[in-house]
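These figures come from a predicted structure and were not determined experimentally.
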Amino acid sequence: MGKIKKFLDNPDVALREQVGYVSGVFGNCMGQDSVGTYTDQFMYDYMGLKSSHVIAMKSTTTAVNILVAPIVGAMLDNNRSGKGNARSFMMASAIPFTIASVLLFVVPSGSLMFNLVWSFALYLVFNIADTFYDVALSTLSVRMTPNAKSRKNFYTVAQVASTLGSMFPGWLVPVIIEAMDGNYNTEKWAFFTVALLFGILGLFTMLVPCMTLKERNLVLPPKHEKKVKIDYKLILLNRPLLLLCLANCVESVRKVCYSALPFFYKQTLNKFSMKTYVEMASSALSYGGLFSVPFIGRRLSSRDIVVAGYMHTAICYILLALFGYKSLWLVGILIALGGLPNAGMSAAKRVLLADSTDYMEWKSYKKYGVAQRNEGMVFAFSTMVSRIADLWKELLVNGGLALIGYQSAQMIDGEMVEAVQTPETLHGIFLLVAIPGIIGNLIPGIIMMFDNFTGKRKEKIMIELEQIRAEAKARLEAEQTV
């Protein structure tokens with residue numbers, strides 16, 4: 001208990017707030033995983049949508065979100081009331097987020113056009129609400145941890161919640177669907193039932209931080225001192241942020257692998273429940289890697305943890321491509337091992353993203369003479385890139401399914417009828433797992449090697465930054481005295 005208390009002890013954040021933040025992350029990730037993992041499969045196999053429909057729908061939604069993210073970030077950064085507006089953003093977005101995440105798993109009619117309009121409207125609402133909630137919660141997180149040394153523990157605890165939130169839908173859905181014994185209509189309603197269960201749980205947990213977190217606005221320079229008129233200039237100076245976003249964008253190729261896995265287990269292997277067992281093993285390994293982050297972080301930087309994680313997973317998928325899928329045990333072991341560094345990498349990335357605000361503050365002073373940090377814009381930019389990456393992933397996933405000849409459900413006499421896939425298509429699904437798993441890990445790992453805000457250089461910059469902050473504080477106190 002003493003070690004746990006020491007692990008949770010954070011000089012910057014009260015335990016009540018840590019729990020509140022963790023709760024919000026848990027609920028948000030649970031909804032994201034439910035929609036992100038299973039909507040493609042549901043739309044193809046139960047709604048009857050074609051690849052062209054899904055691509056058009058997700059492209060339009062992404063374009064809208066790319067516009068929404070910087071607006072949210074600017075609103076969070078430019079609020080000078082001292083009260084902040086992050087909690088109100090989170091409160092207002094949690095309800096539409098939940099409603100859309102549930103109704104996306106309803107087949108509303110026997111009309112393909114109506115189903116398409118229904119899916120598009122709900123998917124748009126879900127993603128806009130997710131952007132508001134995610135950017136607001138993320139901005140609060142970095143304002144809660146101004147001390148860079150305390151971030152490893154803070155984001156490690158948060159990643160535990162994130163991983164749990166992502167695990168539950170991934171574990172429960174395959175087991176329930178396989179228990180339906182191939183009853184097509186019952187499977188369809190099982191998806192909705194599980195979505196409703198997680199929607200209710202997610203709503204309660206997403207509202208907790210709205211009641212427990214305190215708004216924090218770090219002191220911004222007075223308006224007459226704010227020489228940098230266009231915040232995007234600071235983004236372009238933020239090398240750690242740009243490299244991390246580039247890696248995340250390329251990592252969308254790796255996410256093609258994860259999107260193809262439900263098809264792989266259900267169609268190619270004809271063992272959908274295997275997804276649950278593999279993910280349980282992967283999660284257990286992943287937690288081991290996650291809890292080691294604060295300890296190995298004493299020897300390895302967050303950047304090094306990310307690079308090593310990418311390379312480890314790439315090796316696992318190279319072996320999967322070489323050995324194939326004749327042995328279910330070997331497939332399960334390699335995919336489970338490939339997920340070992342995922343949680344630790346995610347925690348390290350959260351640290352890197354928060355650290356980039358310190359780099360931005362230092363770099364803006366060196367470039368413009370004004371130490372300015374725009375946390376909201378940093379997370380908004382990261383969200384924008386994430387949306388672009390998601391679009392690229394959707395294009396690859398749906399384009400790949402079309403390329404291998406994957407057949408959607410068909411409307412016959414007003415009823416949806418499940419399609420039968422050819423052997424060539426079933427093997428093609430395996431390729432959609434293995435090849436992106438290799439490419440989507442090797443290239444981002446190489447990209448992250450170019451991040452030099454680490455080690456001795458980072459220590460030197462942080463010392464300079466503390467001096468800059470001390471001088472600015474002394475100036476402000478002198479002005480107030482006069």
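Between the His312 side chain and the Gly309 main chain, no donor and acceptor come within less than 3.5 Å of each other. Ser408 contributes no side-chain N or O that, together with a main-chain N or O of Lys50, makes up a donor-acceptor pair within less than 3.5 Å. Judged by distance alone, with hydrogens and angles left aside, the side-chain atoms of Ser138 form no donor-acceptor pair with the main-chain N or O of Val135 at under 3.5 Å. In this structure a side-chain-to-backbone donor-acceptor pair under 3.5 Å is missing from Glu394 to Lys58. Under a 3.5 Å cut-off, the side chain of Gln421 and the backbone N or O of Leu426 do not form any donor-acceptor pair. With hydrogens and angles ignored, the 3.5 Å screen pairs a side-chain donor or acceptor of Ser93 with a backbone N or O of Met90. Not one N or O on the side chain of Tyr38 forms a donor-acceptor pair closer than 3.5 Å with the backbone of Val173. Of the possible donor and acceptor atoms, none in the side chain of Ser162 sits under 3.5 Å from a partner among the backbone N and O of Ala158.
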field: CA sep, side-chain torsions, deciding dist, call: Tyr44, Asn398, side chain to side chain contact (heavy atoms under 4.5 Å, CB included)
entry: CA-CA 10 Å; Tyr44 277 106; Asn398 293 286; 2.5 Å; yes

query: Could you walk me through whether Met311 and Ile446 pass the side chain to side chain contact (heavy atoms under 4.5 Å, CB included) check?
result: CA-CA 9 Å; Met311 295 306 175; Ile446 294 171; 4.1 Å; yes

- request: Start with the C-alpha distance between Ile235 and Met360, add both sets of side-chain angles, then the distance that settles side chain to side chain contact (heavy atoms under 4.5 Å, CB included), and finish with yes or no.
  value: CA-CA 8 Å; Ile235 296 293; Met360 170 187 276; 3.8 Å; yes

- request: Check the pair Ser34, Val102 against side chain to side chain contact (heavy atoms under 4.5 Å, CB included), reporting the backbone distance first and the verdict last.
  value: CA-CA 9 Å; Ser34 295; Val102 174; over 6 Å; no

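Interatomic distance, OG1 of Thr62 versus CD1 of Ile388, reported as 9.0 Å (0.5 Å rounding). Atom CE in Met345 sits 10.0 Å away from atom OG in Ser286 (nearest 0.5 Å). If you take CZ on Arg254 and CG on Asn248, they are separated by 9.5 Å, rounding to the nearest 0.5 Å. Taking CG of Leu246 as the reference point, atom CD1 of Ile443 lies at 10.0 Å (rounded to 0.5 Å). The structure places CG of Asp390 at 9.5 Å from SG of Cys249, a figure rounded to the nearest 0.5 Å. Here the CD-OH distance, from Glu279 to Tyr258, works out to 10.0 Å after rounding to the nearest 0.5 Å.
Looking at Ile429, Val433, Asn270, Val278 one by one, the single match for side-chain contact (heavy atoms from CB on, under 4.5 Å) with Tyr265 turns out to be Val278. Test Asn28, Leu213, Val208 against Ser23 for side-chain contact (heavy atoms from CB on, under 4.5 Å) and you get one pass: Val208.
The two atoms that bring Leu140 and Ala86 nearest to each other are CG-CB, 3.7 Å, heavy atoms only. Nearest heavy atoms, Leu122 versus Ala100: O-CB, 3.5 Å. Counting all heavy atoms, side chain and backbone alike, Lys275 lies closest to Pro174 at CD-CG, 3.8 Å. Between Gly20 and Thr212 the shortest heavy-atom distance is CA-OG1, 3.2 Å. Shown here for Ser356 and Val378, the closest heavy-atom pair between the two residues is OG-CG1, 3.7 Å. Residues Ser382 and Cys245 approach most closely at CA-SG, 3.9 Å, considering heavy atoms.
Between Asp130 and Arg387 a salt bridge is recorded (basic side-chain N to carboxylate O distance below 4.0 Å).
You'll find the side chain of Asp358 stays beyond 4.5 Å of the side chain of Lys458, heavy atoms only. Within the 4.5 Å cutoff, the side chain of Asp134 has no heavy atoms near those of the Phe379 side chain. For the pair Phe263/Thr268, no side-chain contact is recorded, criterion being any heavy-atom separation below 4.5 Å from C-beta on. Within the 4.5 Å cutoff, the side chain of Ser259 has no heavy atoms near those of the Gln41 side chain. Two residues are said to be in side-chain contact when any heavy atoms from C-beta on lie closer than 4.5 Å; Leu396 and Pro436 fail this criterion. A 4.5 Å side-chain heavy-atom check between Met462 and Phe453 finds at least one atom pair inside the cut-off. The closest side-chain heavy-atom distance from Leu431 to Ile404 is not below 4.5 Å. Considering only heavy atoms from C-beta on, Arg303 stays 4.5 Å or farther from Leu243 through its side chain.
Within 6.0 Å of NZ in Lys271 there are 12 or fewer heavy atoms belonging to other residues, nucleotides or ligands. Around the OH atom of Tyr277, the shell of radius 6.0 Å holds no more than 12 heavy atoms that belong to other residues, nucleotides or ligands. Within 6.0 Å of the CH2 atom in Trp118, the count of heavy atoms belonging to other residues, nucleotides or ligands exceeds 12.
Residues Ser141 and Arg350 have side chains that never bring a donor and an acceptor to within less than 3.5 angstrom of each other. Side-chain contact check for Thr425 and Thr422: at least one donor-acceptor pair (N or O, by modelled atom type) lies under 3.5 Å. Side-chain atoms of Thr131 and Asn65 form a donor-acceptor pair, as typed in the model, at a separation below 3.5 Å.
The salt bridge (charged side-chain N to carboxylate O under 4.0 Å, His left out) search around Lys393 returns none, not counting sequence neighbours.
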For residues 315-341, tabulate all N or O donor-acceptor pairs below 3.5 Å that involve a side-chain atom, not counting sequence neighbours.
{"from": "Tyr325", "atom 1": "OH", "to": "His427", "atom 2": "ND1", "distance (Å)": "3.2"}
{"from": "Ser327", "atom 1": "OG", "to": "Leu330", "atom 2": "N", "distance (Å)": "3.2"}

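Using cut-offs of 30° and 60° for the angle between ring planes, the Tyr46 and Tyr184 rings count as parallel.
Ring-centre distance between Phe126 and Phe97: below the 6.0 Å cut-off.
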